[in-house]
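What follows is a single structure, written as structure tokens, with notes after it.
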Amino acid sequence: MDHAVGGVDSKVGGTGSISSKDMIFRADKIDLKTLDIQLEKHFSKVFYRNGDSESQRPKEEWEIDLSKMDVRYVVAQGTYGIVYRGTYDNQDVAVKVLDWGEDGIATSVETAALRASFRQEVAVWHKLDHPNVTKFVGASMGASNLKIPATNSSDEGYGSHPSKACCVVVEYLAGGTLKQFLIRNTRKKLAFKVVIQLALDLSRGLSYLHSKKIVHRDVKTENMLLDAQRNLKIADFGVARVEAQNPRDMTGETGTLGYMAPEVLDGKPYNRRCDVYSFGICLWEIYCCDMPYPDLSFADISSAVVRQNLRPEVPRCCPSSFVNIMRKCWDGNPNKRPEMDEVVKMLEAIDTSKGGGMIPDDQTSACFCFGPARGP
């Protein structure tokens, strides 16, 4: 694909110039306010003249029948929507309802742009099929027919979402997020073979996405889910987008602080190698069962990662083969970072039979190797 698809959760998909053949449109030279007002009037006319235009267009292959959905309860609540647990056609699913344009802030133009991006992106997700990527069940461009259990115990019956809301339905994974799993193991740590298994699952999933020209852009342990057998699957494509042919078409801060690559923090153009950097931080987190930079502020992290090459402190007991992969992945120069398929091979080559993690073979508790470095 020649053009990047805007992210579902990003208000501004990219701030670079948009090229089309020999023409270059400079965003700073366009009177966006006037254009916005004109477009909003146009959308309003069309909306009120045609009624619910969504119901008049043909269904996409990924669109689901909301009457087959049984929503049970809220799992999580975020900036752009609510995630529910439920069943669809007797399958356990998670339902993410994205509520755009109902906050009184977004204009009709912005809402229409988000919906257009959403439609394009779910068409991509629909075709993804990999054991380490959360299975996409379907989506709906409207959520007004979705029966939502009353949030207040004193309420009766069901609530509903506004007509502009969209919803995404994916398989439900009972193991929760990788972040929650690591927090539960903060004190006792993980066996090295478990560390490598989780790292391999994540690397294989990212390698697959990159092979499909998809950059996740928000790789972090909160966006990875585990099934009942502790298999890891990449989730939350909220800011994923199809990779631009020209990296300059992919700018704008996206992702979560602490996992963000220096080029992203610095507002520079980036490509799939930003996911590789974030993966390197995830490797550290999986090994240490700890949070990177817990005591630093937003400004401190941004500045130090970009200007002083700050990275999480690697424990002395960490096997050199694993440290080597981490450091290659979080190299400050994106061009020096390996591709994810190379990372998979490096992880597969690591021997876990002799242990080597935070838990020595002959002990059940964690080894304390975070103390001050000894020697010169």
Side-chain angles (χ1 to χ4, degrees), residues 7-9 59-78 80-99 118-143 145-149 161 165-182 184 197-212 214 216-242 275 282:
V8 171
D9 275 3
K59 266 199 165 190
E60 303 280 0
E61 58 180 342
W62 43 259
E63 285 193 85
I64 55 173
D65 181 356
L66 293 179
S67 66
K68 295 180 182 177
M69 182 79 67
D70 179 18
V71 177
R72 305 277 173 80
Y73 53 85
V74 174
V75 175
Q77 202 150 355
Y80 289 93
I82 304 171
V83 181
Y84 298 92
R85 168 103 185 255
T87 55
Y88 179 75
D89 251 359
N90 297 317
Q91 178 185 354
D92 276 339
V93 294
V95 187
K96 185 172 185 179
V97 178
L98 302 149
D99 216 357
F118 175 81
R119 189 182 282 117
Q120 286 176 296
E121 287 209 0
V122 295
V124 174
W125 303 343
H126 177 65
K127 294 180 172 67
L128 298 180
D129 183 18
H130 190 273
N132 299 120
V133 175
T134 307
K135 185 169 174 52
F136 177 84
V137 176
S140 174
M141 293 305 298
N145 295 329
L146 190 64
K147 288 184 177 179
I148 307 296
H161 278 274
C166 300
C167 69
V168 183
V169 183
V170 297
E171 64 176 321
Y172 178 79
L173 297 169
T177 70
L178 175 59
K179 181 76 152 189
Q180 291 165 338
F181 177 72
L182 298 178
R184 288 198 300 272
Q197 176 247 313
L198 292 169
L200 269 170
D201 282 356
L202 178 48
S203 63
R204 285 168 178 152
L206 280 175
S207 177
Y208 172 76
L209 290 181
H210 289 183
S211 74
K212 300 294 183 184
I214 294 169
H216 189 283
R217 301 202 305 167
D218 200 12
V219 173
K220 58 182 179 180
T221 54
E222 288 145 285
N223 283 343
M224 309 304 148
L225 297 172
L226 302 175
D227 66 13
Q229 286 73 46
R230 210 180 53 227
N231 296 305
L232 180 150
K233 302 196 182 199
I234 297 170
D236 206 336
F237 294 85
V239 291
R241 65 191 290 184
V242 175
D275 283 351
C282 287

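Atom set for the values below is all heavy atoms of this structure, side chains included, hydrogens, waters and symmetry mates excluded. Model, not experiment: these values are computed from the prediction.
Residues Val219 and Leu206 meet the side-chain proximity criterion, which asks for heavy atoms closer than 4.5 Å. Side-chain contact between Leu178 and Leu225 is absent, with no heavy-atom pair separated by less than 4.5 Å. Two residues are said to be in side-chain contact when any heavy atoms from C-beta on lie closer than 4.5 Å; Leu209 and Leu128 meet this criterion. Residues Tyr84 and Val97 form a side-chain contact, since some pair of their non-hydrogen atoms from C-beta on lies under 4.5 Å apart. Contact check for His126 versus Glu63: no side-chain heavy atoms found under the 4.5 Å cut-off.
Taking both residues in full, the closest heavy atoms of Val93 and Tyr88 are given as CG2-N, 3.8 Å, listed atom of the first, atom of the second, then distance. Between Ala139 and Phe118, the shortest heavy-atom contact is CB-CZ, 4.0 Å. When all heavy atoms are compared, the tightest approach of Lys220 to Cys282 is CA-SG, 3.8 Å. Across all non-hydrogen atoms, the minimal contact from Asp275 to Arg217 is OD1-N, 2.9 Å. For the residue pair Thr177 and Leu226, the shortest heavy atom distance occurs at O-CD1, 4.5 Å.
Residue pairs meeting the salt bridge (charged side-chain N to carboxylate O under 4.0 Å, His left out) criterion with at least one partner in residues 129-141, sequence neighbours excluded, are absent.
A search for ring-ring contact (aromatic ring centres under 6.0 Å, His included) contacts involving Phe136 returns Trp125, not counting sequence neighbours. Arg184 pairs by the side chain to side chain donor-acceptor pair (under 3.5 Å) definition with nothing, not counting sequence neighbours. Scanning for side chain to side chain donor-acceptor pair (under 3.5 Å) contacts around Lys233 gives Glu171, with sequence neighbours left out. Legend: residues meeting salt bridge (Lys or Arg N to Asp or Glu O under 4.0 Å) with Lys179, ordered by chain and number and at least two apart, are Glu285. For Arg85, the salt bridge (Lys or Arg N to Asp or Glu O under 4.0 Å) partners two or more places apart in sequence, or in a different chain, are Asp92. In this structure Asp65 satisfies the side chain to side chain donor-acceptor pair (under 3.5 Å) test together with Ser67, sequence neighbours excluded. With sequence neighbours left out, His130 forms a side-chain contact (heavy atoms from CB on, under 4.5 Å) with Asn132, Val133, Arg204, Tyr208.
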Given the rule in the side chain to side chain contact (heavy atoms under 4.5 Å, CB included) test, do Val122 and Cys166 qualify, once you have shown the distances and angles that lead to the verdict? CA-CA 11 Å; Val122 295; Cys166 300; over 6 Å; no

Determine, step by step, whether Lys212 and Val124 satisfy the side chain to side chain contact (heavy atoms under 4.5 Å, CB included) criterion, reporting the C-alpha distance in whole Å, the side-chain angles of both residues, the deciding distance to 0.1 Å, and the verdict. CA-CA 9 Å; Lys212 300 294 183 184; Val124 174; over 6 Å; no

Under the side chain to side chain contact (heavy atoms under 4.5 Å, CB included) criterion, do Phe181 and Met224 qualify, and how do the steps go? CA-CA 10 Å; Phe181 177 72; Met224 309 304 148; over 6 Å; no

One pair to check against side chain to side chain contact (heavy atoms under 4.5 Å, CB included): Val169 and Ile64. What are the steps and the verdict? CA-CA 9 Å; Val169 183; Ile64 55 173; 3.3 Å; yes

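Remark: Asn231 CG to Leu198 CG distance equals 9.0 Å, nearest 0.5 Å. Once rounded to the nearest 0.5 Å, the distance linking CE of Met69 with SG of Cys167 reads 5.5 Å.
In this structure, Gln197 contributes its side chain and Arg230 its backbone to a donor-acceptor pair below 3.5 Å. Side chain of Ser207 to main chain of Ser203: no donor-acceptor pair is present (N/O by atom type, distance under 3.5 Å, no hydrogens or angles). Side-chain N or O atoms of Asp89 include none that pairs as donor or acceptor with a backbone N or O of Gln91 at under 3.5 Å. In this structure a side-chain-to-backbone donor-acceptor pair under 3.5 Å is present from Thr134 to Ile234. Thr87 places no side-chain N or O within donor-acceptor distance of the main-chain N or O of Asn90, the cut-off being under 3.5 Å.
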